[in-house]
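Okay, so here's the structure we're looking at.
In what follows, chains carry the letters A, B, and so on, assigned in the order in which the sequence lines appear, proteins first and then strands, with residues in each chain numbered from 1.
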There are 2 protein chains.
Amino acid sequence: MYTILLVDDEERMLDLVELFLMPLGMKCIKETSGKKAIEIVEKEKVNLVLLDIMMSDMDGWEVCKEIREFSNVPIIMLTARSDKADLAKGLNIGADDYISKPFDERELVARVNALLRRSSDLDKSKITYLDYTLDCDTYSLHYHESTIQLTLKEFYIIKTLISRPSKTYTREELLNIAWDYETETDIRTVDSHIRNLREKLRKANFPTDEFLKTVWGIGYKWN
Amino acid sequence: MYTILLVDDEERMLDLVELFLMPLGMKCIKETSGKKAIEIVEKEKVNLVLLDIMMSDMDGWEVCKEIREFSNVPIIMLTARSDKADLAKGLNIGADDYISKPFDERELVARVNALLRRSSDLDKSKITYLDYTLDCDTYSLHYHESTIQLTLKEFYIIKTLISRPSKTYTREELLNIAWDYETETDIRTVDSHIRNLREKLRKANFPTDEFLKTVWGIGYKWN
DNA sequence: AATAATTATGAAGAATTTATGCAGATTCTC
DNA sequence: GAGAATCTGCATAAATTCTTCATAATTATT
């Protein structure tokens, strides 16, 4: 589960963004003060920061810069204008992406997902749960001594599920996370990939039924 | 631990770059004068030099040239413009890579890492993985008693892949590492070289399919 | 037990990605 | 400069993956 720190001095904006991110299973910490936001990044495990540029107590650039002095957490800057100079400034200071207001849900979610994926790909190259290890360098799944090669979609599905064992993901959530948010892919396509996955697992003699489970009426989970 | 010498007459830039490199456990020496920078390379153990072109006391090109008279330390040039003529000039003088401002953290870190890895590989003249040995002096690949002669591009591709077995490299990564970063070479050219490689391997009766693998939708790997 | 809703499965075709062959451009060697 | 080797780009064939849809099987509801 990802924890996102939202920093903006307008509370309405915080609530709005939280509304967008919650359905993806992300935990949001809402903060109106730049100084406090920095403390939170220091103390808590934050996976991504959404940072408004204009704030009363402290400039967003300054907050970004100070965070960068001790942390590489992915940062997305929010700004009213869409200005090339701003963009360059932000990237130099260490921001990873940049969204100009007003933005819509799709755009926000797509960028947050993209950045989370990029950064998690970078630092975690292996995800282990019990006897299973997902290797993000080779896009393969290991169980004891055996290995199966996954396709891209299979990989992203398993990665989503295994990153948070026993959490049930709806097909819609899986589409949002493993596909692009803007995808118009049929929701039942998820079933097909699950099917293919189960077959691969079965052929490799992995104890699949125990791990890749259907939660009737809701979706799928790994445990 | 690597020691990086940063040379730029803007102190803010020095601080910024140090901020990027410190989290990687690299020690930075910050220097605003070109002349002093040369002395530092002479006296201290420096693993890589990040050198700005525009400086007050001495032209960056000149600094690069003088360093090359006594040292092979890897040098990355920093420049405001992104100019092909500049690039050629720099590479002729002996720079190893070239970054144009403004750059972002990811780019900088990626290039510094890539160059450090490349240059540390140079010390080792042979890279061995299982029954394969890549000879960096003769640009050839050995398997048991047989040998095949590689072209430059083939060599860099195999070297990249074999240096980190089973890691899947995208075509883009291969272009960045085996070619220059600024290359405008078509991404599919990688396929052509892979094809030629496989043919060479096959003709020499090397068990190629087992080692040089396609990872569908992503790229290639060696394992 | 009958009905409704949901999921699993199979199979076909669409879409995407990779392999291959070839020609022309470029670089290197003599 | 000529000739050879290497590199690049493109078109097309081949392979793989993805998506959709129809139907069977399963689970829930009444």
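Shown here are the side chain to side chain contact (heavy atoms under 4.5 Å, CB included) partners of Lys35(B), two or more places apart in sequence or in another chain: Ser33(B), Asp57(B), Met58(B). Applying the ring-ring contact (aromatic ring centres under 6.0 Å, His included) criterion to Phe155(B), with sequence neighbours excluded, gives Tyr139(B). For the ring-ring contact (aromatic ring centres under 6.0 Å, His included) test, no residue two or more places apart in sequence or in another chain qualifies with His142(A). Under the side chain to side chain contact (heavy atoms under 4.5 Å, CB included) criterion, Lys213(B) pairs with Lys221(B), Asn223(B), sequence neighbours left out. Taking the salt bridge (Lys or Arg N to Asp or Glu O under 4.0 Å) definition, one finds that Asp186(A) meets it with nothing, sequence neighbours left out. Annotation: side chain to side chain contact (heavy atoms under 4.5 Å, CB included) contacts of Thr185(A) (sequence neighbours excluded): Leu175(A), Trp179(A), Thr183(A), Thr189(A). Residues satisfying the ring-ring contact (aromatic ring centres under 6.0 Å, His included) test with Tyr220(B), not counting sequence neighbours, are none.
Between the NE2 atom of His193(A) and the P atom of dT16(C) there is a distance of 13 Å, given to the nearest Å. In this structure, CH2 of Trp179(A) is placed 17 Å from P of dA15(C), rounded to the nearest angstrom. Separating the CD atom of Gln149(A) from the P atom of dT17(C) is a distance of 16 Å, rounded to the nearest angstrom. The separation between Lys213(B) atom NZ and dT17(C) atom C1' is 19 Å, rounded to whole Å. Nucleotide dA19(C) holds its P atom 13 Å from the CG atom of Asn196(B), rounded to whole Å.
Within the nucleic acid shown, Thr151(A) comes within 4.0 Å of sugar-phosphate atoms alone, with no base atom in reach, counting heavy atoms only. If you check every strand for non-hydrogen atoms under 4.0 Å, Ile218(B) touches sugar and phosphate atoms only.
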Show me the protein contacts with nucleotides 26-30 of chain C, counting only N or O atoms at under 3.5 Å.
none

Pull out every protein N or O sitting under 3.5 Å from an N or O of nucleotides 8-10 of chain C, one pair per line with the distance.
{"residue": "dA8(C)", "atom": "OP1", "partner": "Arg198(A)", "partner atom": "NH1", "Å": "2.9"}
{"residue": "dA8(C)", "atom": "OP1", "partner": "Thr214(A)", "partner atom": "OG1", "Å": "2.4"}
{"residue": "dA8(C)", "atom": "OP2", "partner": "Tyr220(A)", "partner atom": "OH", "Å": "2.7"}
{"residue": "dG10(C)", "atom": "OP2", "partner": "Arg195(A)", "partner atom": "NH1", "Å": "3.3"}

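Counting heavy-atom neighbours within 6.0 Å of Glu172(A) CD, excluding the residue itself, gives a total of 12 or less.
A nucleotide of DNA chain D counts as in contact with chain A when one of its atoms lies under 4.0 Å from a heavy atom; the first and last such, 5' to 3', are dT17(D) to dA28(D).
Side chains of Arg164(A) and Tyr169(A) form a contact here, defined as non-hydrogen atoms less than 4.5 Å apart. Side-chain atoms of Lys159(A) and Ile177(A), non-hydrogen and from C-beta on, never get closer than 4.5 Å to each other.
Applying the salt bridge (charged side-chain N to carboxylate O under 4.0 Å, His left out) test to residues at least two apart or on different chains, the pairs with a partner in residues 138-156 of chain A are Glu154(A)-Lys200(A).
Nearest-nucleotide positions on DNA chain D place Glu154(B) closer to the 5' end than the other of Trp216(B) and Glu154(B).
Side-chain contact, Thr133(A) with Thr128(A): a donor N or O sits under 3.5 Å from an acceptor N or O.
The minimum heavy-atom distance between Asp8(A) and Leu14(A), with the atom names listed, is O-CD1, 3.6 Å.
Note that the two end axes of the helix from dA1(C)-dT30(D) to dC30(C)-dG1(D) enclose an angle of 40°, each drawn from 5 base pairs, rounded to 10 degrees.
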